[in-house]
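First the structure, in the form of structure tokens, and then the observations on it.
First the proteins, then the strands, lettered A, B, ... as listed; each starts at 1.
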Amino acid sequence: MPDKGLKPLDVAEGETVVMRFAPNPNGPPTLGSTRGIVVNSEYVRRYGGKFIIRFDDTDPQTKRPMLEAYDWYIEDCTWLDAKPDKVVIASDHMEVYYDYARKLIEMGHAYVCFCEGGDFKKFKDAKEPCPHRGQSPVVNLEHWDKMLAGDYEEKAAVVRIKTDIKHKDPALRDYGAFRIVKTPHPRPEVGDKYVVWPLLDFEGAIEDHELGMTHIIRGKDLMDSEKRQGYIYNYLGWDYPKTTHWGRIKMHEFGKFSTSGLRQAIEEGEYSGWDDPRLPTLRALRRRGIRPEAIRKFMIEMGVGETDVSISMDTLYAENRKIVDPIANRYFFVWDPVELEIENAEACVVEPSLHPTEERGRRSINVGSKAFVCNDDVGSVKEGDVLRLKDLYNIEVTSVSPLKGRCIGNSMEDVKSRKMRIIHWAPEDNVSIKVLAPHGEFTGVGEKQVVEELNNVVQFERFGFCRIDSVDDGVVAYFTHK
RNA sequence: GCUCCGGUAGUGUAGUCCGGUCAAUCAUUCCGGCCUUUCGAGCCGAAGACUCGGGUUCGAAUCCCGGCCGGAGCACCA
């Protein structure tokens with residue numbers, strides 16, 4: 001598959017590509033996370049390698065993991081046709097991190113620092129070693145053991161990796177590798193077992209090596225990680241994976257949002273849940289009837305660039321429409337309905353086709369002497385106006401309030417010669433329908449046959465595509481796109 | 001303040017490493033037309049870009065220097 005968008009990877013002779021997607025499960029996957037899932041898994045698929053999902057859940061406090069989210073990630077990856085070959089949870093590997101920490105301390109490449117944050121910054125900015133930097137490995141090991149034993153309070157001590165305190169880039173000078181957190185971890189398997197937690201650069205450095213990662217794609221914001229982690233790799237004699245970076249991705253339709261911000265908004269009832277149609281979570285998009293193939297294509301064609309991008313959902317919708325249009329059956333949904341009485345009507349059954357171009361059969365509608373039409377369509381009609389009820393017949397308006405009309409035949413010639421507007425309608429014998437859309441809620445009535453489309457994406461003519469979400473008590477549909 | 005990265009049409013993207021074939025690709029969007037008993041799709045057509053200034057060169061989107069704009073790191077977040 002010569003997918004445009006993704007540049008070839010630099011793969012050594014005989015090398016098996018191993019790549020990972022490493023989220024913190026502190027909320028469900030969003031469109032942003034999806035890039036990491038799709039691009040990594042796509043590369044792995046192309047090169048016949050291995051795709052690993054690793055939960056970087058080593059912060060029980062500030063970015064506290066959400067227990068349900070671990071499964072959500074696996075679910076959503078699978079849905080995106082990116083089922084991981086292996087699932088790794090960082091909080092299961094604490095002993096491994098501790099072992100390497102001890103080793104680096106013994107080698108004299110790490111030390112326990114008791115500086116207060118601000119004080120250390122002063123030393124660092126002045127390119128001066130702090131008083132603890134010169135401690136012997138023996139002393140550092142003692143402190144390390146005390147840290148592990150819980151003898152120090154939070155923020156009292158931190159383990160730093162020795163880099164080059166005079167490095168011209170301040171971001172690289174002696175960075176933190178472990179800190180003390182006494183909040184228990186949400187995973188019951190872990191709980192309060194540990195009080196010393198690794199920071200991202202340490203945890204990631206060890207994991208990427210242990211898992212045999214060959215290539216890493218990560219955000220531009222983590223560009224310094226390679227240089228920082230490079231010190232650890234040098235000390236331990238490891239080779240660093242090949243790295244690529246991408247810029248931030250932002251959708252026009254969704255302003256700035258943070259997982260913690262969304263979480264709060266949901267708890268306060270501002271959104272109905274993580275799958276509220278207004279949210280950019282995968283769960284919401286799935287519920288709305290966005291197809292995973294469309295998301296994959298969208299992400300792959302965007303490629304991997306270091307430029308920050310801000311793109312429109314329209315592009316994703318266009319991809320999705322190509323998939324959904326040929327398979328979505330057509331139905332009438334009348335929002336903001338107005339009753340229309342047809343004075344000379346004779347009961348009949350009409351059978352419009354389910355799709356304008358595909359052979360998908362027909363639907364069947366019983367029509368009596370009343371119908372419903374959209375207020376938008378008849379709000380400004382006058383007595384004597386003529387209209388075409390699509391797939392039914394032509395009418396002449398005989399009264400505006402209440403709205404009444406008279407059937408004046410079924411001739412398409414008349415529709416053309418008299419330039420009648422063609423509007424859709426719903427029969428008197430109908431089903432109530434509610435559509436939940438990012439831009440609001442729409443209620444009205446529609447053809448009864450819609451209840452047969454549970455879980456399918458249909459097109460409500462002149463309205464848009466929708467996924468039928470439930471049919472228990474009337475129909476509830478989630479808006480996909482136009 | 002120090003350090004790093006980026007800047008091609010409205011939005012994304014190809015091309016930049018190894019200057020010419022680039023009066024610059026593709027998608028989306030927008031605007032026209034055709035078709036159509038909805039909308040959408042489809043078909044046809046059109047519009048629209050190399051951040052700026054120098055330099056190197058016969059020749060620069062591509063190389064060099066500087067400016068401007070944008071993003072990021074310098075956290076006991078990931």
Side-chain angles (χ1 to χ4, degrees), chain A residues 4-5 7 22-26 55-59 61-65 90 113 115-117 120-121 124-125 127 154-160 167-173 175-181 196-201 203-204 218-228 245 247-249 251-252 259-260 297-298 301-319 321-322 324-326 328 330-333 352-353 355-358 377 388-394 410 412 415-416 420-425 459-465 481-482:
Chain A
K4 47 211 177 270
K7 296 188 181 87
N24 174 359
N26 63 340
F55 293 106
D56 283 347
D57 60 345
T58 53
D59 178 5
Q61 204 164 54
T62 317
K63 289 202 174 166
R64 188 172 174 77
C113 174
C115 290
E116 218 169 87
F120 183 79
K121 183 171 165 51
K124 185 186 66 185
D125 287 347
K127 299 187 179 177
E154 289 188 6
K155 294 184 187 287
V158 50
V159 174
R160 293 187 188 286
H167 199 287
K168 67 171 181 170
D169 183 349
L172 300 186
R173 298 173 201 153
Y175 61 92
F178 287 88
R179 84 310 205 173
I180 298 168
V181 180
V196 176
W197 288 90
L199 288 152
L200 179 69
D201 277 322
E203 178 263 326
R218 61 177 150 217
K220 237 178 18 173
D221 50 325
L222 263 28
M223 261 180 164
D224 288 338
S225 282
E226 176 167 0
K227 291 176 194 153
R228 299 216 252 197
H245 302 97
R248 287 231 175 269
I249 173 171
M251 306 303 300
H252 291 329
T259 306
S260 48
K297 192 157 184 242
F298 174 74
E301 290 192 350
M302 190 161 58
V304 177
E306 290 191 14
T307 323
D308 292 338
V309 299
S310 173
I311 72 175
S312 164
M313 289 293 284
D314 285 347
T315 312
L316 174 61
Y317 293 158
E319 274 326 321
R321 187 146 46 225
K322 287 176 195 164
V324 139
D325 180 72
R330 270 56 174 173
Y331 293 97
F332 291 151
F333 159 56
S353 88
H355 196 280
T357 54
E358 311 280 322
D377 287 325
R388 166 72 179 183
L389 297 180
K390 186 180 180 245
D391 294 314
L392 184 59
Y393 43 58
N394 309 332
N410 197 15
M412 281 312 292
V415 172
K416 280 172 185 154
M420 294 184 194
R421 283 205 305 130
I422 299 167
I423 65 172
H424 69 291
W425 49 278
Q459 188 198 50
F460 287 140
E461 297 197 20
R462 306 213 297 147
F463 182 75
F465 293 91
H481 46 64
K482 279 197 294 191

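Of the candidate nucleotides B:G73, B:G40, B:U29, B:G40 has the atom lying nearest to any side-chain atom of A:F465. Closest to the side chain of A:R388, from the set B:A78, B:U28, B:U37, is B:U37. Of the listed nucleotides (B:U3, B:G70, B:G40), B:G70 has the atom at the smallest distance from the side chain of A:K220. In the set B:A78, B:C76, B:U3, the nucleotide with an atom closest to the side chain of A:V158 is B:C76. The side chain of A:R160 has B:C76 as its nearest neighbour among B:C76, B:G73, B:U37. Proximity note for A:D325 (side chain, C-beta onward) versus B:G40, B:G71, B:C74: the nearest is B:G40.
For the C1' atoms, the distance from B:A46 to B:U51 is 27 Å, rounded to whole Å. Spacing of P atoms, B:U8 relative to B:U3, comes out at 26 Å, to the nearest Å. Comparing the same atom, P, in B:C2 and in B:G12 gives a spacing of 31 Å after rounding to whole Å. If you take atom P in B:A60 and the same atom in B:U21, they sit 11 Å apart, rounded to whole Å. Here, B:A49 and B:U29 have their C1' atoms 15 Å apart, quoted to the whole Å. Comparing the same atom, P, in B:C50 and in B:A23 gives a spacing of 13 Å after rounding to whole Å. Going from the P atom of B:C5 to that of B:C65 covers 12 Å, rounded to whole Å. B:C26 sits 27 Å from B:C35 when the P atoms are compared, rounded to a whole Å.
Counting any heavy atom pair closer than 4.0 Å across all strands shown, A:D391 reaches a base atom. Nucleic acid contact for A:C113: none, since no nucleic acid atom lies under 4.0 Å from a heavy atom of the residue.
From A:E306, atom CD reaches atom CE of A:M223 across 3.5 Å, with rounding to the nearest 0.5 Å. Note: A:I311 CD1 to A:F298 CZ = 3.0 Å, rounded to the nearest 0.5 Å. To the nearest 0.5 Å, atom CZ of residue A:R218 and atom NE2 of residue A:H245 are 5.0 Å apart.
Within the structure, a side-chain polar atom (N or O) of A:K124 is placed less than 4.0 Å from OP1 or OP2 of B:A75. At B:C76, none of the side-chain N or O atoms of A:T62 fall inside 4.0 Å of OP1 or OP2 (strictly under the cut-off). Between A:R179 and the phosphate of B:C77, there is a side-chain N or O to OP1/OP2 separation shorter than 4.0 Å.
Using a distance-only test at 3.5 Å, with no hydrogens or angles considered, no donor-acceptor pair links the side chain of A:R248 to the main chain of A:D308.
Ring planes of A:H424 and A:F332: tilted class, angle from 30 to 60°.
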Notebook entry, point to check: So what is the 5' to 3' dot-bracket string for RNA chain B, if pairs are Watson-Crick or G-U wobble with both distances under 3.5 Å, crossing pairs use [ ] and | means the partner sits on another strand?
Noted result: (((((((..(((.......[.....)))..((((.......)))).....(((((..]....))))))))))))....

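Considering only residues two or more places apart in sequence or on other chains, A:R179 meets the side chain to side chain donor-acceptor pair (under 3.5 Å) condition with none of them. For A:N26, the side chain to side chain contact (heavy atoms under 4.5 Å, CB included) test picks out A:N24, A:K63, A:T259, with sequence neighbours left out. By the side chain to side chain contact (heavy atoms under 4.5 Å, CB included) test, A:S310 pairs with A:K250, A:H252, sequence neighbours left out.
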Give me, pair by pair, the N or O atoms of the protein and of nucleotides 42-49 of chain B that are less than 3.5 Å apart, along with how far apart they are.
none

Between the protein and nucleotides 11-14 of chain B, list the N/O to N/O atom pairs that are separated by less than 3.5 angstrom.
from, atom 1, to, atom 2, distance (Å)
B:U11, O3', A:S310, O, 2.6
B:U11, O2', A:S310, O, 3.2
B:G12, OP1, A:S310, N, 2.7
B:G12, OP1, A:S310, O, 2.9
B:G12, O5', A:S310, O, 3.3

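Tested against A:H167, the residues A:K227, A:R173, A:K124 include a single side-chain contact (heavy atoms from CB on, under 4.5 Å) partner, A:R173.
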